[in-house]
There are 2 protein chains.
Amino acid sequence: MSEGVEWALHTCVNLAWVGRPVGSARLAAFYGLPPAYLNKRLQNLVRAGILTSVPGPKGGFALARDPASISLLDVVTAIEGPDPAFRCTGILGDSPWGDKTADHPSTCVIAAAMRRAELAWRRELAGQTIADVCATVERRAPGEPERTRRWFG
Amino acid sequence: MSEGVEWALHTCVNLAWVGRPVGSARLAAFYGLPPAYLNKRLQNLVRAGILTSVPGPKGGFALARDPASISLLDVVTAIEGPDPAFRCTGILGDSPWGDKTADHPSTCVIAAAMRRAELAWRRELAGQTIADVCATVERRAPGEPERTRRWFG
DNA sequence: GCCGCCGTACTCGGATAGCACTTGTCCGAGTTACTATGG
DNA sequence: CCATAGTAACTCGGACAAGTGCTATCCGAGTACGGCGGC
């Protein structure tokens, strides 16, 4: 899985705490990441409707909606793309008595099993939101949001 | 995910039906796959203890144990490796007040959420065996095992 | 003092190289089955 | 007819290139802020 997923998730949590637009350079400096590349990934989140981008001075990226309505799955799919990890190429159609025209991705038993597993993975990710992560961190380290907000200010 | 996973899974099902060693060239010809590359992947299954390799004429690959004891997860991890898809690089340690020495992969809330999702995925895959796939296919197409066995004979 | 204009500096956004990993290929070591030969 | 030694062919196994996608970088278009001049 792309490493940018980790960066995007942590950045979303930070943005949830700050609450106002922050430039990608400042966001990247927080973790010592390459600013331009983080910017490229945050653009993916903008296209997915997770973030809003504000140009000009005092601009930057901010959450587009409530952290409670942004699931981890939303962020992951925004970075990795909507395609599932396992893709059935329909090699059954190339077998001696295979039917090239059949819809193998839908009928293949193996593809179905892999799809079931991936669905469980997506369901688990969809059940956790950015707000949940924030709440868990705050319970463990109550001063974290204020400290982060101050650093970015 | 690597495309070889699909090839390995289908090949395991075929081997379960045939029941005796089959060369990688013959196995690859069944789906029109590159023989040498399929061989390379089947070697992964041998190292994982899923297949046994028999050299010389009349040799090839065969299942090392009962199909009911080979889960889809076994095959996937044999090809993809044991590392999880999401790897926590511990960027929290690079934050302004981060602790480089802390065990971030274990304590990070985001890493925990991703690990939970991946665990659900693995559990789903571990619950399905090659024998289950074979049984489902046979129920749907009763003549399939015999037809496959005959083609490889 | 207040309003409007301009320049500036900062932001995002997309187009452009470098690198790692998956994919694909090849040839050599080892082993087994077959064959020919001798008893 | 049977045992045996030799040969030959077929197998896996690991070492060697090419293509694709992720990683990283740069520069240009656009916009809001701050300063300046005029009213």
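Only this structure's heavy atoms are used, side chains among them; waters, hydrogens and symmetry mates stay out. Protein chains get the first letters and strands the later ones, always in sequence-line order, with residue 1 at the start of each.
- The side chain of Gln43(B) contributes no N or O atom lying less than 4.0 Å from OP1 or OP2 of dC12(D).
- Regarding Glu6(B), its CD atom lies at a distance of 15 Å from the C1' atom of dT23(C), rounded to whole Å.
- The side chain of Lys40(A) lies closest to dA15(C), out of dA15(C), dA9(C), dA9(D).
- Each of dC12(C), dT23(D), dA33(C) was ranked by its minimum atom distance to the side chain of Lys58(B); first place goes to dA33(C).
- Rounded to whole Å, atom P of dG14(C) lies 13 Å from atom CG of Leu42(A).
- Just one of Val18(A), Leu33(A), Leu42(A), Asn39(A) meets the side chain to side chain contact (heavy atoms under 4.5 Å, CB included) condition when paired with Leu27(A); it is Leu42(A).
- Note: CG (Asn39(A)) to C1' (dT25(D)) measures 12 Å, nearest angstrom.
- Side-chain nitrogen and oxygen atoms of Ser53(A) include none within less than 4.0 Å of the OP1 or OP2 phosphate oxygen of dT11(C).
- Counting any heavy atom pair closer than 4.0 Å across all strands shown, Arg47(A) reaches sugar-phosphate atoms only and no base atom.
- Here dT23(C) is the nucleotide among dG13(C), dC22(D), dT23(C) with the atom lying nearest to any side-chain atom of Arg41(B).
- Of the candidate nucleotides dT25(D), dT31(C), dT22(C), dT25(D) has the atom nearest to the side chain of Ala36(A).
- Contact annotation: Ser24(B) side-chain N/O to dC12(D) OP1/OP2 distance is under 4.0 Å.
- Nearest-nucleotide positions on DNA chain D place Gly23(B) closer to the 5' end than the other of Val54(A) and Gly23(B).
- Regarding Ile79(B), its CD1 atom lies at a distance of 13 Å from the C1' atom of dT23(C), rounded to whole Å.
- Taking the six-membered ring for Trp and thresholds of 30 and 60 degrees, Phe30(B) and Trp97(A) have ring planes more than 60 degrees apart, a perpendicular arrangement.
- DNA chain D is contacted by both Gly56(A) and Phe61(B); Phe61(B) maps to the nucleotide lying nearer its 5′ end (nearest heavy atom per residue).
- We find that CZ of Arg26(B) is positioned 12 Å from P of dC12(D), with the value rounded to whole Å.
- As rounded to whole Å, 14 Å separates atom C1' of dC12(C) from atom CG of Asn44(A).
- The nearest whole Å value for the distance from the CD atom in Glu3(A) to the C1' atom in dC19(C) is 14 Å.
- Taking the charged nitrogens against the carboxylate oxygens, Glu146(A) and Arg149(A) do have a contact shorter than 4.0 Å, which makes a salt bridge.
- Residue Val13(A) forms a side chain to side chain contact (heavy atoms under 4.5 Å, CB included) with just one option from Pro145(A), Cys134(A), Pro67(A), and that option is Cys134(A).
- Here dG13(D) is the nucleotide among dT31(D), dG24(C), dG13(D) with the atom lying nearest to any side-chain atom of Val46(B).
- Using a cut-off of 4.0 Å between Lys/Arg side-chain N and Asp/Glu carboxylate O, Arg147(A) and Glu144(A) are scored as salt-bridged.
- Regarding Glu80(B), its CD atom lies at a distance of 13 Å from the P atom of dC21(C), rounded to whole Å.
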